[in-house]
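These notes concern the structure reproduced below.
Not measured: the values here are computed from a predicted model.
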Amino acid sequence: MGFLDAKDCKAFMAPILLLLGFFLSGLELTGAQSVGVCYGRNGDNLPSEADVINLYKSNGIGRMRIYEPNQPTLNALRGSNIELIIGILNNNLQALTDAAAATDWVQNNVRNFWPDVKFRYIAVGNEVHPNDAEVGFVLPAMQNIRNAIAAANLQDQIKVSTSIDTTLVENAYPPSQGSFTGAASSFIKPIIDFLVSNGAPLLVNVYPYFAYTLNPQDISLQYALFTSSGVVVTDPEGNRGYQNLFDALLDAQYSALEKAGAPNLQIVVSESGWPSEGGDAASVENAGTFYKNLINHVKNGTPKRPGQAIETYLFAMFDENQKNPPGIERHFGLFSPSQQPKYQISFG
């Protein structure tokens with residue numbers, strides 16, 4: 001075979017380069033897909049839904065969490081390939097204990113958009129606590145929504161869960177001692193059983209910021225920001241070393257699940273963030289450090305679950321000027337309402 005001239009060389013290499021491009025883009029997508037961003041809408045100065053979707057796409061953000069069905073958002077998501085957690089507000093849970101209402105909800109907010117919108121999870125309630133009025137409605141609503149999803153033959157594509165916070169777990173130091181509080185156990189145990197039986201993960205909002213600011217005398221800022229130079233906490237069980245607070249909080253949740261009889265249940269971190277102003281240790285520098293390090297860290301798992309990427313949703317896309325109470329709650333955005341990034345971070 002003779003040497004190829006320039007024209008023949010281009011023709012020979014073109015399909016190889018095309019395949020290489022597909023391969024590299026696939027790798028890039030896989031990296032980006034472990035991190036999503038929550039899209040809260042409590043602001044009167046936010047971009048249009050179409051602009052928001054374009055901002056997600058232009059930044060390579062492949063997953064989104066919304067807190068209630070919003071028709072303009074769902075329409076804007078059509079064809080975007082952004083995977084979605086769609087929420088049900090706590091004040092709507094009681095209505096969905098009626099099976100017919102749950103069927104209507106799924107029809108109006110899921111079936112009418114599937115498969116153009118890539119639903120991933122339905123979060124039935126957010127941070128319901130044992131003493132809340134809605135506590136008795138969470139599981140029945142989950143069951144009815146799941147039945148409606150199954151009736152639509154979407155149970156393999158869309159999983160039904162609920163989102164909790166880390167305060168349902170006590171004895172979180174060291175992480176292996178974590179267990180659900182007595183008050184939470186009767187509420188959460190049937191939900192855990194439901195999740196296990198349906199192959200769905202538990203959604204947990206994990207905030208090192210609040211854990212740190214509630215106990216700064218015992219927790220260092222470096223431990224909360226992933227910047228500790230070495231192991232800070234050693235857990236005697238398995239001699240596990242913890243270099244950051246995020247891992248410790250998350251593994252305490254896994255320990256609690258083990259004690260509740262669900263050692264293999266997966267956790268999705270449905271919120272985690274750091275405010276840029278409005279409170280102790282709230283600064284652009286600290287928030288930028290936290291988000292950058294969190295994105296890099298969740299690819300690698302925790303000491304209790306090493307090597308398993310942690311599906312994580314950053315809170316939140318924008319500063320929201322109508323969130324209450326005022327202060328830090330209004331300063332968790334990765335972007336300003338003008339769509340300008342607050343931090344130099346990559347979501348891949």
Is the count of non-hydrogen atoms from other residues, nucleotides or ligands lying under 6.0 Å from [X] atom [atom1] greater than 12?
X    : atom1 : result
N91  : CG    : yes
K259 : NZ    : yes
E285 : CD    : no
E329 : CD    : yes

Does [X] pair with [Y] as a salt bridge, N-O distance under 4.0 Å?
X    : Y    : value
R240 : D251 : no
R65  : E311 : no
E277 : K342 : no
R63  : E83  : yes
R41  : E49  : yes

### Message
Run the side chain to side chain contact (heavy atoms under 4.5 Å, CB included) test on I122 and W105 for me, step by step, so that the C-alpha distance in whole Å, both residues' side-chain angles and the decisive distance to 0.1 Å come before the verdict.
### Response
CA-CA 11 Å; I122 300 174; W105 190 95; 4.0 Å; yes
So which heavy atom on [X] is nearest to which on [Y], and how close?
X    : Y    : answer
Y313 : C38  : CB-SG, 3.9 Å
P263 : R305 : O-NH2, 2.8 Å
Y209 : G279 : OH-C, 3.7 Å
V269 : I310 : CG2-CG2, 3.8 Å
P190 : L139 : CB-CD2, 3.6 Å

### Task
Could you give me the CA-CA distance, side-chain angles and deciding distance for Q157 and F119, then say whether side chain to side chain contact (heavy atoms under 4.5 Å, CB included) is met?
CA-CA 8 Å; Q157 285 79 31; F119 296 94; over 6 Å; no
Going by heavy atoms in the side chains, are [X] and [Y] under 4.5 Å from each other?
X    : Y    : value
V298 : F246 : yes
Y242 : P175 : yes
P174 : P236 : yes
L195 : S161 : yes
P130 : L168 : yes

About how many Å separate [atom2] of [Y] and [atom1] of [X], when rounded to the nearest 0.5 Å?
X    : Y    : atom1 : atom2 : answer
F332 : I328 : CZ    : CD1   : 5.0 Å
I149 : Q155 : CD1   : CD    : 9.0 Å
N144 : D98  : CG    : CG    : 7.5 Å
N264 : E258 : CG    : CD    : 9.0 Å
T289 : Q222 : OG1   : CD    : 10.5 Å

### Task
Could you give me the CA-CA distance, side-chain angles and deciding distance for L93 and I88, then say whether side chain to side chain contact (heavy atoms under 4.5 Å, CB included) is met?
CA-CA 7 Å; L93 297 177; I88 296 172; 4.0 Å; yes
### Task
Just jot down the side-chain hydrogen bond (donor to acceptor under 3.5 Å, both in side chains) partners of S176, sequence neighbours excluded, or say none.
D235
Report yes or no: do [X] and [Y] form a side-chain donor-acceptor pair below 3.5 Å?
X    : Y    : value
N42  : R330 : no
S270 : N205 : yes
D44  : N321 : yes
N244 : D247 : yes
Q71  : N109 : yes

### Task
Run the numbers on F290 and F226 for ring-ring contact (aromatic ring centres under 6.0 Å, His included), then give the verdict.
CA-CA 7 Å; F290 177 82; F226 301 89; 5.6 Å; yes
### Query
How are the rings of Y39 and F318 set to each other: parallel, tilted or perpendicular (split at 30° and 60°)?
perpendicular
### Query
Mind checking whether Y291 and Y343 have parallel, tilted or perpendicular rings, split at 30° and 60°?
tilted
### Hphob cluster co-occupancy, V169 + V128, side-chain heavy atoms under 4.5 angstrom
yes
### Query
Does I85 share a hydrophobic cluster with L265, counting links as ILVMFWY side-chain heavy atoms below 4.5 Å and allowing steps through other members?
no
### Task
Identify the residue among D165, V204, L314, N126 that makes a side-chain contact (heavy atoms from CB on, under 4.5 Å) with E271.
N126
